[in-house]
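Quick note: residue numbers are just sequence positions, from 1. Read the numbers this way: they start at 1 and go in the same order the structure lists the ligands and their atoms. Note that the coordinates shown come from a computational prediction; the quantities given were computed from them, not determined experimentally.
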Amino acid sequence: MELKIKPWRIETTDGSLETKDFRESIFCQANGYMGMRGYAPEDRKVNNYSRAAFLAGFYEYIRPGITDMVNQPDVSSTTLLANGIDISALPKEGFKQVLNMRDGTLYRCYTAEDTQGRKTHVAVTRFLSMARRHVAAFRFEVTSVNHAGTITIETGIDSAVENLPISDNQLNENTETSRLWGEPEVHTGGLYMETVVSKRGVAAEYRVIGNKSAVLNHGETAVLDKIVAIYSFRDEGDPRSMAIQAADTAATFGFDALLAENAEAWDALWNTADIEVDADEALQGAIRYNVFSLIQTAPHNDPHASIGARGLSHGRYKGCTFWDTEIFMLPFYLFTNPATAKNLLLYRYHTMQDAIESASRFSLTGARYSWMASDTGFEQCETWDTGCCEIHITADIAYAFGRYIEVTGDEDFFAQHAAEVYIQTARYWASRFTYDAADDRYNLLFVKGPDEYCGVTNNNLYTVKMAAHNLQLAISAMERMGQGFLNVTDEEINRWREIASKAVVRYDADTCLYHQDDVFHLLEPINPADYKDDNTPLYHRISFDRLQRYQVLKQADVLMLMALFPKNFTDAQKQAAWSHYEPKTLHDSTLSFGAHALMAATLGIAGKAEDYFYKSCFLDLKNVMANTAHEGIHTAALGITWQALIFGFAGLWADGDGLHCDPKLPQWIRGMRFRVFHKGRPCQIRIKHGEEAQINQHIGT
Ligand code: IFM
């Protein structure tokens with residue numbers, strides 16, 4: 001399905017059933033507190049789980065120790081009747097759906113016709129307020145085009161919702177639904193319900209403004225506004241009374257005033273996050289869609305919630321948080337909205353006790369962050385090799401704390417939170433490496449790198465280098481925090497130093513090539529093109545077991561490491577890694593295209609940079625991997641697209657030495673303008689072909 005991508009809008013005129021799931025993903029709306037797939041309020045549901053809506057950080061147990069992000073009551077539920085006939089069942093023409101990225105409103109309209117030729121025009125506008133994160137608003141405008149008759153708008157809240165928990169195994173078909181809610185307490189204008197196991201409550205209230213029933217003449221329109229407020233057990237206070245009060249206040253305010261303040265809140269967010277490109281309008285729109293979706297998905301004001309791999313757009317991966325947040329998305333927030341970045345890191349800080357207990361469950365010390373985490377830090381990954389071995393996440397989190405401090409200069413955060421994270425995670429690494437006395441070096445055994453086709457391997461370079469960096473962060477932290485901090489001993493620090501310097505890294509100085517791990521070179525070489533001729537993952541056709549013995553990568557691994565430490569590798573090393581690994585990479589993960597775009601841009605490989613960037617930038621909008629409809633929006637791809645553009649093509653980098661910009665603009669972007677925060681100050685960057693980048697560090701927000 002082709003979408004019309006405009007600089008500030010995503011549009012379609014295709015309202016067909018075949019494209020319904022895809023549209024519901026693309027037109028998903030969220031305000032960080034709540035998210036709602038882009039379904040039509042007035043459509044009849046086909047099951048109890050696909051009209052999904054989520055609240056950030058709201059999970060419930062589906063089996064011991066394992067949670068799912070909870071599908072919330074459907075506050076949009078509406079029936080439109082024209083002369084007593086349900087409009088949703090009638091044939092429609094003139095369908096149009098428009099997502100306005102400037103203010104986050106979604107508009108849909110069409111004309112329905114009954115068997116007697118009576119035409120009714122329907123327009124529905126909805127938004128989740130960015131100004132009042134607990135409030136959503138709907139406007140129904142129903143016009144009798146060629147008849148005089150009765151229009152009835154029945155609206156309420158559907159509490160009969162279920163979850164369809166999705167297995168971590170991508171090959172499983174998921175058919176078993178799960179009702180996580182107990183019986184609702186319903187009253188006029190709202191309800192309260194609690195989950196069965198943990199008694200986690202949600203209160204939803206709605207107020208309607210306008211007539212639910214109207215007798216219209218030809219051409220007349222009935223307008224009904226529905227204002228909703230939602231609070232849950234995650235909010236401080238009684239959700240019931242807070243929802244009632246918020247709904248009453250918002251309803252008094254009214255739809256138009258709510259819309260105006262929502263637009264103002266979006267303006268403020270765009271003011272620091274927008275990227276203006278002098279390029280074709282679809283590219284401008286797609287870049288904005290990436291930024292828009294990142295803004296929508298972050299729980300901006302909540303230091304106890306993070307972002308799932310599909311944000312609030314879908315329950316894939318049980319709504320869990322991966323390294324996707326710290327490594328792929330965090331840079332966007334760090335440079336455009338540091339307060340949000342800080343909250344995302346605080347979520348990790350607040351789950352550190354669980355990480356400490358997790359390490360002990362693995363018979364290790366320190367803090368071991370889980371590959372998949374939900375409202376707790378306990379492991380949610382149910383495939384043992386990944387859950388046990390994809391341990392780089394712990395170092396990824398420490399790296400993200402480090403980048404936050406480097407870019408913001410937030411020394412309080414360092415002393416109050418980051419230093420502790422560095423030390424506890426360093427303690428984990430110290431217990432996780434294995435000393436080889438014969439060679440006097442440290443091996444990292446039984447790990448899985450970002451390339452998840454590597455099986456369970458030894459000395460994965462990415463993991464080793466990230467762990468060594470984590471140890472370094474702890475060593476430097478101790479220099480600043482002084483003796484006695486967290487009872488760290490000199491012996492411990494010396495051990496960190498020793499492991500960091502003696503960790504096994506396989507590097508061939510003659511060819512400048514870093515080896516991915518101990519065995520990659522032993523795997524059976526194949527020509528990916530003989531196996532793969534589209535962008536859908538090969539694991540659908542070849543078993544994971546077989547794939548792990550081919551010399552192929554699922555996604556960027558050594559190159560990902562180089563993207564994170566651009567100054568630590570020479571151009572020759574980056575080029576050698578590119579020449580060796582890129583041809584062997586299958587891009588079977590949505591995280592891969594953007595990472596390759598970033599590295600290709602850095603290395604000046606124009607054709608590849610363009611190809612990979614377009615795939616990443618349009619990943620969901622063009623359904624590049626054919627998984628947007630049934631999986632939702634791929635949030636890591638949004639983040640790495642931003643990084644490819646800003647760190648790759650715009651050539652921006654910030655570290656202890658300051659903010660630098662060495663642009664490598666492709667021909668298809670004539671110029672760019674964007675803002676970033678550096679050391680708490682907003683800076684404006686302008687780039688044009690043939691001109692030096694302009695960094696204006698003295699602008700107001
Ligand atoms: O974190 C990723 C991983 O790198 C590849 N598989 C999907 C995960 C969630 O996006």
Min side-chain heavy-atom separation Y317-R310 under 4.5 Å: yes

Parallel, tilted or perpendicular: rings of F544 and Y539 (30°, 60°): parallel

Heavy atoms of other groups near F446 CZ, more than 12 under 6.0 Å: no

Residues that E610 engages under salt bridge (Lys or Arg N to Asp or Glu O under 4.0 Å), provided they are two or more places apart: none

ring-ring contact (aromatic ring centres under 6.0 Å, His included) against H587, all qualifying residues, sequence neighbours excluded: F593, H596, Y612

First-shell residues of ligand 1 [heavy atom, distance under 4.0 Å]: A309, Y317, F322, W323, D324, W371, E452, K554, Q555, S589, L591

Residues in ring-ring contact (aromatic ring centres under 6.0 Å, His included) contact with H634, at least two apart in sequence or another chain: none

